[in-house]
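Report on one structure; see the data block that follows.
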Amino acid sequence: MSMPLTNLRFHIAFVVILSVATFASAQSPFTLEQVLSSPFPSELVAAEHGSRVAWVFDAKGVRNVWLADGPDFAHSARQVTHYNADDGQPIASLRLTADGKTVVYALGSELNTAQESANPKSWTKGAKQQVFALDVDAKGAAPRLLGDMGCPEEGCEDIQISPDGQWAVWSAKKKLWLAGTDGKQPAKELTVARGVAGQPKWSPNGKQIAFVSTRDDHSFIAVYDFDKNSIHYMSPSVDKDSLPRWTPDGKWIVFVRTAGDQQKLPLIPVRPEPWSLWIADVASGAAKPFWRSGDKLEESLPELTEDGSLYVGEKQRVVFASEQDGRNHLYSISRGSAAVLLTPGDFDVEDVTLSADKAWVIYSSNQDDADRRHLWRVAVAGGTPPEALTSGETIEWSPVQTGDGKSILCLGSTATSPAMPYEVTAKGREMIASQALPGDFPSSLLVTPKQVIFKSEDGVTLHGQLFLPRDANGKVPGLVFMHGGPVRQMMLGFHYMDYYHNAYAENQYLASRGFAVLSVNYRLGIMYGRAFREAPNTVWRGAAECKDIVAAGKYLQSLPEVDATKIGLWGGSYGGFLTAMGLARNSDLFKAGVDFHGVHDWSVFLTERPYFGNLALRPPDVEAAVKLAWDSSPDAYVDRWKSPVLLIHGDDDRNVPFSQTVDLVQRLRAQHVPFEQLILPDEIHGFLMWQDWVRAYGSTAWFFERTLKRGEKIRTGD
């Protein structure tokens, strides 16, 4: 008897799921669910006064706010919100009022181009991104809604709390919105102003808000005055002003200025982006520059550190980041004097904050440990070498100091222990909220990856992490992993970003399944200097970084533990692009691949720009640029693509358009290239639901098991 089509589809899906489940339990000493089970911490913040800190835990997709109080952070840690579902609604922009009694946060995802918040659970009524407040010391208190947010892009959430804790301001729908933290009145538009308002900052007395008013090809620093119900601008010009920072006395604003847009510039050449630091008299709006970069490429506005690492420290010394010597370093300057280099050496600075008294800069870097992060501090005024706060085979990031100045806390991990919050102590660090770690997390069963250093064919030095399976019998298949970004770096331990924390866990799982995995930090990545990150002839201008992937594959082939005939590769986003490029141009080397939401045609991003159809605005080299972008894309080499691929993509992706995978599939079909697909309806780029990570990574391991280990043939065109 024939089976109905709907039942047949269900049967096939059930068989695949059953096969993956059987595979998952057959060989590995731990399950994929176990290695992905740890609660990932983020959003670590400290109250301005006292010893209270807060952070977000994402435990199997269930996000909640946690608190801890000094001096006994380890035993005071507790959960204060009580969300209980893997529903794809992230918590972002966590803030504490100055007294630490109220937390404010955004719940839900940013908007897509259709002005829809992500809804990976496919709720019939949709989803919203909203702002909530919770009085954490009030028994039985529930989060109260302050208003809708709806950020237009990933990571744009920026809630700012007034100094007295009574008000919250944030940007949404191109405007600034104001709400009382008591939630008694709905949020209202702060003021009507042209342009897109963002980057709000309260004045020290809470009577003014500085913000950026972006107006296409230029932007202003604006100040809204509550007493006068007025807006005035700081030295408006044709240029782009950003990153407003108040001085402690509230009389001045420091900001960054870069050039406004110029039309008809050629696309292919890479040009420097000179910048300058300005200081404005808030009362008059008059501003003057007090520091200018040079006009060389390495002196361009740095993009490595969050918010430009621009701070105003004690005695109004300004701390800023610059790559003028080729590495991302911190400098400080006071008006009328020369800038002082605070962090000399052959390393890069990443996370940056000021101490509670604004006398010290606390930061993370890879000084003396290229493939990890540790914490350091240095006096704002300079004059003394930086002091190491952590060291060894651990990894630390996101430092904060408590408002009373007595404690420094951070997030951290190791090669075999996942990310958790820690207090930095004289002995190193002490874990906070250890009770949140699942009892069956398989730390003792994980491998410690080995640092490997090798060269690409054109002489570029590359770093990688090699995961070798324990007790392997005979030669094993090899896998190359590429991170996304591309401005990222994989490390010798669990990562500080949730996306790559999961990827590190997957590499551990693949090693447990009998694969040798080489995670390669290809050119374009961070922490090896600007010249490495901004390497020539890369991305759509030539894709020279593909040489690094080939070099990684050949390095695996050279290992005595690896079967040189069974090399695969996988990665997400930019790593998905490199996966597709490896399969399209080097199917002789790479015998299978898994491509998570990769870019497959760079030329589309050039032709979609507003100027493309406007002859008056078109760059003179647009045709040459489009051809170069096409020649740097996997789509251009589909006729050479022979190896099977698994394509994984969420169709509400806000980073890489889903159409990139749709288009590639049609080209693969035309060339009879074997492929499989896992499409996640309503899911975004960085999957919001834990169960989708489990599905995607389980499918990845199963695909490599079948193609590389068992030698099974994938059906062409499925």
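Start at 1 with the first residue, then count along the sequence.
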_Under 3.5 Å, is there a donor on one side chain and an acceptor on the other for S219 and D241?_
no
*asked:* For D216, I'd like to know if atom CG has over 12 heavy atoms of other residues, nucleotides or ligands within 6.0 Å.
replied: no
*Is there side-chain contact between R52 and L67, with heavy atoms separated by less than 4.5 Å?*
yes
*asked:* Checking the side chain of H501 only, and the main-chain atoms of Y496 only, is there a donor and an acceptor separated by less than 3.5 Å?
replied: no
*Does K358 make a cation-pi contact with W360 (under 6.0 Å, within 45 degrees of the axis)?*
no
_How close do S122 and P681 get, counting heavy atoms only, and between which atoms?_
OG-O, 4.5 Å
_Can you tell me if W275 has over 12 outside heavy atoms packed within less than 6.0 Å of its CH2?_
yes
*Can you find a pair of side-chain heavy atoms, one from W246 and one from V282, that are under 4.5 Å apart?*
yes
_Checking side-chain polar atoms at under 3.5 Å, does S230 have a donor or acceptor matched by the opposite partner on D225?_
no
*Does a donor on one side chain sit under 3.5 Å from an acceptor on the other, for S573 and H685?*
yes
*Does the side chain of Q89 come under 3.5 Å of the side chain of Q129 through a donor N or O and an acceptor N or O?*
no
*Looking just at side-chain N and O atoms, do S51 and D69 make a donor-acceptor pair shorter than 3.5 Å?*
no
*For atom CD of Q435, decide whether the heavy atoms of other residues, nucleotides or ligands shown that lie under 6.0 angstrom number more than 12.*
yes
_Could you check whether D158 pairs with K201 (Lys NZ or Arg NE/NH1/NH2 to Asp/Glu carboxylate O, under 4.0 Å)?_
no
*Under 6.0 Å from the NZ atom of K175, do we count more than 12 heavy atoms belonging to anything else shown?*
yes
*Kindly check if the number of other-residue, nucleotide or ligand heavy atoms within 6.0 Å of CZ (R377) is above 12?*
yes
*Do R257 and S276 have side-chain atoms, one donor and one acceptor, less than 3.5 Å apart?*
no
*asked:* Looking only at side-chain N and O atoms, does D182 offer a donor or acceptor that is under 3.5 Å from a partner on Q166?
replied: no
*Can you tell which of W693, Y697, F687 makes a ring-ring contact (aromatic ring centres under 6.0 Å, His included) with Y499?*
W693
*Do R215 and S213 have a side chain donor and acceptor closer than 3.5 Å?*
yes
_Polar side chain donor-acceptor pair, R373 to Q489, under 3.5 angstrom_ = yes
_Against L354, only a single residue in V380, V312, I362 fulfils side chain to side chain contact (heavy atoms under 4.5 Å, CB included); can you say which?_
V380
